[in-house]
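Starting from 1, each residue takes its place in the sequence as its number. Quantities reported herein were computed from a predicted structural model and do not represent experimental measurements.
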Amino acid sequence: MNKIALLVAISLGLQACASTLSMSPVPQEGQKEVYDSGVATIISEKKKTVVALRPATSSYESTQRPEIILSVFNRSDSEFHISPQNIKVLVDGKPTKVRTYEELVAEVKRKQTIQAVAAALSGVADGINAANAGYTYHRGSTSVYGNSGYSGYGTYSGTTYNAAQANRAQAEANARSQANFAAIRQNAERSLSNLSETILRKTTVMPNGWKGGYIVFNNVEKSDEPHEITFLVETAGEVHEFTFNHDRI
């Protein structure tokens, strides 16, 4: 119970420390701003390419990494490649790391391993408790009376073992352990599937074709303070520059 209370307290503490943040585009000369469900997209047009950039959500928590959605249109006669290596992110003029698909996958797997180890240790402790569940400890006191009345006082103690109760507790512990491992595996599979479907990886943009995906970059330091985020997107030799104001809501 104490462990549960501690975990709840830590969780509530993390939630209390989290801030809600937003990225608001600042259109540059010649750029167009359009809205969809309250979220702004900035469109930059050049001779060979058109690039659209928008936040993945209207707001996000400071405990999360910021994400943007990139869309690229090839208006030239030649194909070209687009990948996270073509995107640079500057926070107040200082470069910050753009996370690749491979790095994000490795992070999910590393988190899964840590959770599995923790679940295994928890399962061992749960199993030990279950094995001891069949034991019941008895203790008490008694007064001894003879023919002439009260003659003494004593105590007694002992242990009894209920095999059925122990087996039932062990079965419940095993079920909890299996459920924990299944939940960890399912969460990891869901995260990996989401990354595979959304994160931008190296891809070819054919003439008159659209390509794009999610870009994830490192958390903004001192996120409670206002910042200016610049995105530089290189496509077919052209560089599209976007500016966003990053603020706490």
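A 4.5 Å side-chain heavy-atom check between Thr203 and Ile82 finds at least one atom pair inside the cut-off. Side-chain contact between Phe242 and Val51 is present, with heavy atoms from C-beta onward closer than 4.5 Å. Counting only heavy atoms from C-beta outward, the side chains of Thr230 and Val89 never approach each other to under 4.5 Å. Annotation: side chain of Thr204 is in contact with side chain of Met206 (closest heavy-atom distance under 4.5 Å). Annotation: side chain of Phe80 is not in contact with side chain of Lys48 (no heavy-atom distance under 4.5 Å).
Hydrophobic clustering (side-chain heavy atoms under 4.5 Å, transitive across Ile, Leu, Val, Met, Phe, Trp, Tyr) keeps Tyr101 apart from Val233. Hydrophobic clustering (ILVMFWY, side-chain heavy atoms < 4.5 Å, transitive): Ile229 and Leu200 are in one cluster. Under the 4.5 Å side-chain heavy-atom criterion for Ile, Leu, Val, Met, Phe, Trp and Tyr, Ile199 and Val105 are members of the same hydrophobic cluster. When hydrophobic clusters are built by joining Ile, Leu, Val, Met, Phe, Trp and Tyr residues whose side-chain heavy atoms come closer than 4.5 Å, directly or via intermediates, Val39 is not grouped with Ile69. Both Val98 and Leu70 belong to a common hydrophobic cluster when Ile, Leu, Val, Met, Phe, Trp and Tyr are linked at side-chain heavy-atom distances under 4.5 angstrom.
No donor-acceptor contact under 3.5 angstrom links the side chains of Glu228 and Thr243, judged on distance only. A side-chain N or O of Ser83 and one of Gln85 form a donor-acceptor pair less than 3.5 Å apart. Under the 3.5 Å distance criterion, with hydrogens and angles disregarded, no donor-acceptor pair is assigned to the side chains of Ser24 and Asn245. At a cut-off of 3.5 Å, with distance as the only test, a side-chain donor of Thr49 or His240 sits close to an acceptor on the other residue. Side-chain N/O atoms of Tyr35 and Glu33 include a donor and acceptor closer than 3.5 Å.
Between Arg248 and Leu21, the shortest heavy-atom distance links the atoms CA-CD2, 3.9 Å. Residues Thr198 and Asn194 come closest through the heavy atom pair OG1-O, 2.7 Å. Taking both residues in full, the closest heavy atoms of Val108 and Leu195 are given as CG2-CD1, 3.9 Å, listed atom of the first, atom of the second, then distance. Minimum heavy-atom separation, His227 to Val220: CD2-CG1, 3.6 Å. Considering all non-hydrogen atoms of both residues, Met23 and Glu67 come closest at CE-O, 3.8 Å. Nearest heavy-atom pair across Pro207 and Ser76 is CB-O, 3.3 Å.
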Pair Phe244-Leu53, side chain to side chain contact (heavy atoms under 4.5 Å, CB included): steps then yes or no: CA-CA 10 Å; Phe244 285 74; Leu53 206 65; 3.9 Å; yes
Can you check side chain to side chain contact (heavy atoms under 4.5 Å, CB included) on Asn86 and Thr235, steps first, answer last? CA-CA 7 Å; Asn86 296 102; Thr235 55; 5.9 Å; no
Kindly indicate, with the supporting measurements, whether the criterion salt bridge (charged side-chain N to carboxylate O under 4.0 Å, His left out) is fulfilled by Glu241 and Lys88. CA-CA 10 Å; Glu241 181 174 335; Lys88 291 182 172 62; over 6 Å; no
Kindly determine whether Lys32 and Ile42 satisfy side chain to side chain contact (heavy atoms under 4.5 Å, CB included), including the steps that lead there. CA-CA 6 Å; Lys32 183 186 300 184; Ile42 295 297; over 6 Å; no
Steps toward side-chain hydrogen bond (donor to acceptor under 3.5 Å, both in side chains) verdict (Ser22, Asp247): CA-CA 6 Å; Ser22 69; Asp247 298 286; 5.3 Å; no
Between Val34 and Ile43, is a side chain to side chain contact (heavy atoms under 4.5 Å, CB included) present by the stated rule, with each step listed? CA-CA 8 Å; Val34 297; Ile43 300 174; 4.1 Å; yes
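Counting non-hydrogen atoms of other residues, nucleotides and ligands closer than 6.0 Å to CD of Glu221 gives a total of 12 or fewer. Within 6.0 Å of NZ in Lys46 there are more than 12 heavy atoms belonging to other residues, nucleotides or ligands.
With hydrogens and angles disregarded, a donor-acceptor distance shorter than 3.5 Å links the side chain of Gln28 to the backbone of Val26. Judged by distance alone, with hydrogens and angles left aside, the side-chain atoms of Asn174 form no donor-acceptor pair with the main-chain N or O of Gln178 at under 3.5 Å. For the pair Glu234 (side chain) and Gly237 (backbone), a donor-acceptor distance under 3.5 Å is present. No donor-acceptor pair closer than 3.5 Å links the side chain of Gln112 to the backbone N or O of Asn187. Not one N or O on the side chain of Ser122 forms a donor-acceptor pair closer than 3.5 Å with the backbone of Ala118. Proximity of a side-chain donor or acceptor of Asn180 to a complementary backbone N or O of Ala119 within less than 3.5 Å is not detected. Using modelled atom types, no side-chain atom of Arg75 and backbone atom of Glu45 make a donor-acceptor pair closer than 3.5 Å. Under the 3.5 Å distance criterion, the side-chain polar atoms of Ser223 are left unmatched by any main-chain donor or acceptor of Asn219.
A salt bridge links Glu103 to Lys97: at least one charged side-chain nitrogen sits closer than 4.0 Å to a carboxylate oxygen.
Between Asp36 atom CG and Thr41 atom OG1 the span is 7.0 Å, to the nearest 0.5 Å. Atom CD of Gln64 is separated from atom OG of Ser59 by 9.0 Å, given to the nearest 0.5 angstrom. Note that the OG atom of Ser193 and the CD atom of Gln186 stand 13.0 Å from one another [nearest 0.5 Å]. How far CD1 of Ile215 is from CD1 of Ile87: 4.0 Å, rounded to the nearest 0.5 Å. Note that CG of Leu90 is 5.0 Å distant from CG of Leu232, once rounded to the nearest 0.5 Å.
A ring-centre distance under 6.0 Å is found for Phe217 and Phe231.
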